[in-house]
**Student:** 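Sharing a structure below in structure tokens format, with a few things to ask.
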Amino acid sequence: MRIEVEVSQEVLAAIMNGKCVEGRLRQQLSSLGTHQVIGFAPYNRKPRGSQDKVICQLENGWLKESPRCIKFYNSVKKELGRRMVDVVMHRELKSAMEVMEIQEILDNI
């Protein structure tokens with residue numbers, strides 16, 4: 001039995017350079033449409049990278065801005081008790097919002 005495998009030029013170049021290419025095999029029609037061949041499609045393994053911009057670093061977290069969202073992260077130990085956790089989180093949110101307001105004023109100048 002003879003099996004044809006179609007591979008793109010980019011994949012072939014990577015293989016010839018000694019790199020490993022991960023992907024998937026799929027049964028498809030040939031370019032002429034006369035018989036079926038197996039096509040190889042490489043996985044898209046490009047790193048996405050974070051587009052988040054740090055607005056301010058906090059004592060127990062951070063405030064970041066992405067193209068679509070404002071992100072606030074805060075982590076406080078349970079050992080402090082519920083009341084102190086509440087006080088610390090509100091204090092850090094208030095300080096983060098103050099920094100954000102100052103940055104907004106400076107951006108509008």
Side-chain angles (χ1 to χ4, degrees):
M1 179 197 299
R2 184 169 167 232
I3 298 175
E4 292 181 27
V5 179
E6 288 186 2
V7 180
S8 68
Q9 292 293 334
E10 295 87 23
V11 172
L12 188 60
I15 292 171
M16 297 305 265
N17 287 333
K19 294 186 179 177
C20 178
V21 180
E22 293 182 351
R24 63 183 178 278
L25 295 173
R26 185 173 183 185
Q27 189 175 1
Q28 59 192 29
L29 284 175
S30 69
S31 57
L32 301 174
T34 56
H35 60 284
Q36 291 192 350
V37 296
I38 295 176
F40 178 79
Y43 293 141
N44 186 5
R45 302 281 183 164
K46 296 177 184 169
R48 293 203 172 110
S50 176
Q51 297 177 348
D52 294 349
K53 175 183 154 191
V54 177
I55 295 174
C56 71
Q57 199 70 37
L58 302 169
E59 185 179 338
N60 297 314
W62 43 254
L63 181 69
K64 292 182 180 181
E65 179 182 12
S66 74
R68 293 178 30 195
C69 300
I70 300 291
K71 301 174 184 179
F72 174 74
Y73 173 77
N74 200 355
S75 177
V76 183
K77 297 198 183 290
K78 287 182 179 179
E79 301 164 353
L80 296 176
R82 190 195 60 78
R83 181 69 185 135
M84 280 304 295
V85 168
D86 182 46
V87 169
V88 170
M89 286 192 168
H90 279 89
R91 182 186 70 221
E92 295 220 345
L93 180 60
K94 185 177 178 183
S95 65
M97 291 305 295
E98 288 172 359
V99 170
M100 198 166 107
E101 289 172 4
I102 292 170
Q103 184 187 29
E104 186 175 321
I105 292 169
L106 292 175
D107 288 343
N108 290 333
I109 292 178

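Because the structure is a prediction, the values reported are computed rather than measured.
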**Student:** Under 4.0 Å between a Lys/Arg side-chain N and an Asp/Glu carboxylate O for E22 and R45?
**Tutor:** yes
**Student:** Using a 4.5 Å cut-off on heavy atoms from C-beta on, say whether the side chain of S66 contacts that of K71.
**Tutor:** yes
**Student:** In chain order, what residues pass the side chain to side chain contact (heavy atoms under 4.5 Å, CB included) check against V85, with sequence neighbours excluded?
**Tutor:** V76, L80, M89
**Student:** Taking only residues two or more places apart in sequence, or in another chain, which ones meet Y73 in a ring-ring contact (aromatic ring centres under 6.0 Å, His included)?
**Tutor:** W62
**Student:** Check step by step if side chain to side chain contact (heavy atoms under 4.5 Å, CB included) holds for L58 and N74.
**Tutor:** CA-CA 8 Å; L58 302 169; N74 200 355; 5.6 Å; no
**Student:** Counting heavy atoms not belonging to R91, are there more than 12 under 6.0 Å from its CZ?
**Tutor:** yes
**Student:** Between L93 and V87, is there a shared hydrophobic cluster once you connect ILVMFWY residues whose side-chain heavy atoms come closer than 4.5 Å?
**Tutor:** no
**Student:** Going only through I, L, V, M, F, W and Y residues with side-chain contacts under 4.5 Å, is there a path from V21 to V5?
**Tutor:** yes
**Student:** Which atoms form the tightest heavy-atom contact between A96 and F72, and what is the distance?
**Tutor:** CB-CE1, 4.2 Å
**Student:** Has E92 got a side-chain atom pairing as donor or acceptor with N60's backbone, closer than 3.5 angstrom?
**Tutor:** yes
**Student:** Distance check, rounded to the nearest 0.5 Å: L63 atom CG versus I70 atom CD1?
**Tutor:** 6.5 Å
**Student:** Would you kindly confirm whether M100 and I102 end up in one hydrophobic cluster when ILVMFWY residues are joined by side chain heavy atoms under 4.5 Å apart?
**Tutor:** no
**Student:** State plainly whether one hydrophobic cluster holds both M16 and F40, where clusters connect Ile, Leu, Val, Met, Phe, Trp and Tyr through side-chain heavy atoms under 4.5 angstrom apart.
**Tutor:** no
**Student:** Would I55 and Q103 count as a side chain to side chain contact (heavy atoms under 4.5 Å, CB included) if you check the C-alpha gap in whole Å, the side-chain angles of each, and the deciding distance to 0.1 Å?
**Tutor:** CA-CA 8 Å; I55 295 174; Q103 184 187 29; 3.4 Å; yes
**Student:** Tell me whether D86 contacts the main-chain N or O of R82 through its side chain, where contact means a donor paired with an acceptor under 3.5 Å.
**Tutor:** no
**Student:** Rounded to the nearest 0.5 Å, how far apart are CD1 of I38 and CZ of R26?
**Tutor:** 12.5 Å
**Student:** For a quick test of reading the model, state the closest non-hydrogen atom pair linking P42 to R24 and the distance between them.
**Tutor:** O-NH1, 4.5 Å
